[in-house]
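Everything on this sheet refers to the single structure shown next.
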Amino acid sequence: MTHPISSQTHTRHDLAEAVLEAHRAGLPGIIAEVVDHGEIVCECAGFAEVAAKAPMTPELQHRVGSIAKTFTTVTLLRLVEKGIVDLDAPIGGYLPELVPGTRGEAITVRMLANHTSGLNEYLPVIYDTLRAFPNLAQTSPRSLIEQQFTRFDRRELIGIGVGAPPAGEPGGLPGRYSNTNYLLLAELIESVTGTSAEEHIRTEVIEPADLPDTYFPVGSVLAAAHTHLYESWFGMADPPVDLTDFDMSWVGPAASLVSTTADLNRFFGLLIDGQLLRPESLEQMQSTVPVISFEGTTIEYGLGLHRRESDDGTVWWGHDGSVWGGGALTFTRADTGKQVTVFTNRQRWNTLDESGRPQPHPIDAALARVVTGSMG
């Protein structure tokens with residue numbers, strides 16, 4: 001869910017109309033919550049579950065994907081503040097069995113957090129019908145469906161990423177976005193705390209920030225009221241397949257988080273306002289480098305944070321996330337005066353042209369109007 005930012009501002013009516021337009025354009029459902037100087041506006045449209053025609057409502061929980069990476073880095077930086085972890089120490093000093101030899105000596109903890117380690121992504125290996133990625137025309141959603149409940153071992157996933165041909169040199173720019181980096185950070189957190197990364201993130205970040213509907217699920221099925229997620233995979237799943245129930249061990253604490261729009265706005269508001277970390281730690285998070293995203297675009301990425309700038313020069317901080325069938329985006333203005341969080345329950349809706357490139361879809365423009373208008 002990556003969209004340009006404009007300075008056009010939504011009124012409450014405009015947001016409701018934009019959200020409804022995004023549903024009519026093809027999203028099963030959408031939730032958008034905007035916080036503007038303390039005033040909260042949440043608009044929903046469409047269905048949380050298509051078959052039952054269950055409506056989207058503000059309190060629904062949602063799989064928010066890589067937004068979990070911000071939670072991981074806040075946890076990491078709290079360990080740095082306590083002197084337990086050194087951002088510029090080699091990861092091989094902490095986890096020599098996972099990143100051995102000269103690469104373990106060259107890759108620092110910071111490089112993992114800002115995706116400049118050069119470590120490659122493991123996803124095209126564990127899902128065989130994604131092996132041709134980024135050649136989308138030669139991929140398919142079959143392996144996602146067949147392995148919906150497959151349990152993966154985190155260390156084996158790391159081994160695949162570390163063993164793959166490097167995406168770049170350690171510290172080289174631009175960096176390359178890779179889940180391997182954040183699985184290693186999860187292992188690092190566990191190795192120095194003696195508790196699971198998910199549990200440590202819960203006790204060190206989620207609970208202190210008072211986020212009652214944010215958690216890492218244990219099983220494949222979400223118990224509380226939640227959105228259903230529909231994967232189109234570039235028109236190859238038609239109608240879109242429901243992948244709501246999914247074993248998230250394929251990505252673990254790097255992207256398995258569940259949350260609500262209200263919880264995410266609260267978390268990022270506290271973070272950017274300096275209430276979760278010391279000023280020097282937040283400054284580290286906001287020190288960005290160019291990183292090439294999964295979509296092939298170059299983003300400004302810090303330590304688990306994206307930086308975006310609107311056309312009027314306003315700076316925003318946040319993250320986006322994607323799982324099979326679900327998308328999420330959350331951004332907070334640098335002065336914390338305004339925030340926006342958007343959830344969608346359909347992904348990869350674009351079909352491919354003869355050359356295998358995604359083609360524009362009405363959802364693109366409609367969703368961009370939700371996001372850019374909210375961030376005005």
Side-chain angles (χ1 to χ4, degrees), residues 1-22 30-45 56-60 62 64-67 69-71 73-74 205 209-214 257 259-277 279 282-283 285-288 299-321 327-344 365-376:
M1 291 179 64
T2 303
H3 302 284
I5 299 171
S6 77
S7 59
Q8 179 184 0
T9 303
H10 276 320
T11 64
R12 181 187 294 264
H13 174 75
D14 290 337
L15 179 62
E17 287 295 314
V19 164
L20 182 58
E21 180 186 355
I30 178 172
I31 308 172
E33 181 182 283
V34 176
V35 181
D36 193 348
H37 293 88
E39 180 183 357
I40 300 172
V41 177
C42 190
E43 296 291 345
C44 307
M56 274 291 205
T57 53
E59 76 283 354
L60 290 176
H62 186 76
V64 299
S66 285
I67 292 172
K69 291 179 171 65
T70 310
F71 286 74
T73 50
V74 171
V205 177
D210 190 20
L211 309 176
D213 296 307
T214 299
L257 194 71
S259 192
T260 61
T261 56
D263 271 14
L264 290 185
N265 277 335
R266 174 173 173 77
F267 169 72
F268 279 89
L270 292 172
L271 174 62
I272 304 306
D273 194 41
Q275 297 186 51
L276 299 182
L277 292 170
L282 182 57
E283 184 179 351
M285 286 193 80
Q286 294 176 326
S287 178
T288 65
I299 58 178
E300 292 184 57
Y301 201 89
L303 306 184
L305 274 180
H306 291 198
R307 181 187 187 275
R308 295 190 178 187
E309 188 172 324
S310 61
D311 57 11
D312 65 355
T314 303
V315 174
W316 298 75
W317 296 98
H319 213 289
D320 56 13
L329 173 149
T330 184
F331 275 87
T332 293
R333 207 166 65 189
D335 64 2
T336 67
K338 195 170 186 181
Q339 300 179 270
V340 57
T341 296
V342 179
F343 292 166
T344 64
L367 189 55
R369 280 190 283 275
V370 173
V371 174
T372 59
S374 299
M375 297 176 78

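Counting begins at 1 with the first residue of the sequence. Atom set for the values below is all heavy atoms of this structure, side chains included, hydrogens, waters and symmetry mates excluded.
A donor-acceptor pair is defined here as one N or O able to donate and one able to accept, closer than 3.5 Å; such a pair exists between the side chain of Thr73 and the backbone of Leu303. Looking only at distances, no side-chain donor or acceptor of Glu43 sits under 3.5 Å from a matching main-chain atom of Val19. One N or O on the side chain of Arg266 and one on the backbone of Ala209 form a donor-acceptor pair closer than 3.5 Å. Formation of a donor-acceptor pair under 3.5 Å by the Lys69 side chain with backbone atoms of Gly321 is not found in this model. A donor-acceptor pair under 3.5 Å is formed between the side chain of Asp263 and the backbone N or O of Thr214. A distance-only check finds no donor-acceptor pair linking the side chain of Asp273 to the backbone of Gln275 [under 3.5 Å]. Remark: the backbone N or O of Gly304 is paired with a side-chain donor or acceptor of Thr70 at under 3.5 angstrom.
Below 30°, between 30° and 60°, or above 60°: for His319 and Tyr301 the angle between ring planes is above 60°, a perpendicular geometry.
The closest side-chain heavy-atom distance from Trp316 to Glu309 is not below 4.5 Å. Side-chain contact between Phe267 and Thr341: absent, with no pair of heavy atoms (C-beta onward) separated by less than 4.5 Å. When side chains are defined from C-beta on, Glu59 does not count as touching Thr260, because their heavy atoms never get closer than 4.5 Å. Looking at heavy atoms from C-beta onward, Thr261 lies out of side-chain contact with His62 at the 4.5 angstrom threshold.
When all heavy atoms of Val370 and Ala18 are compared, the pair lying nearest together is CG2-O, 3.4 Å.
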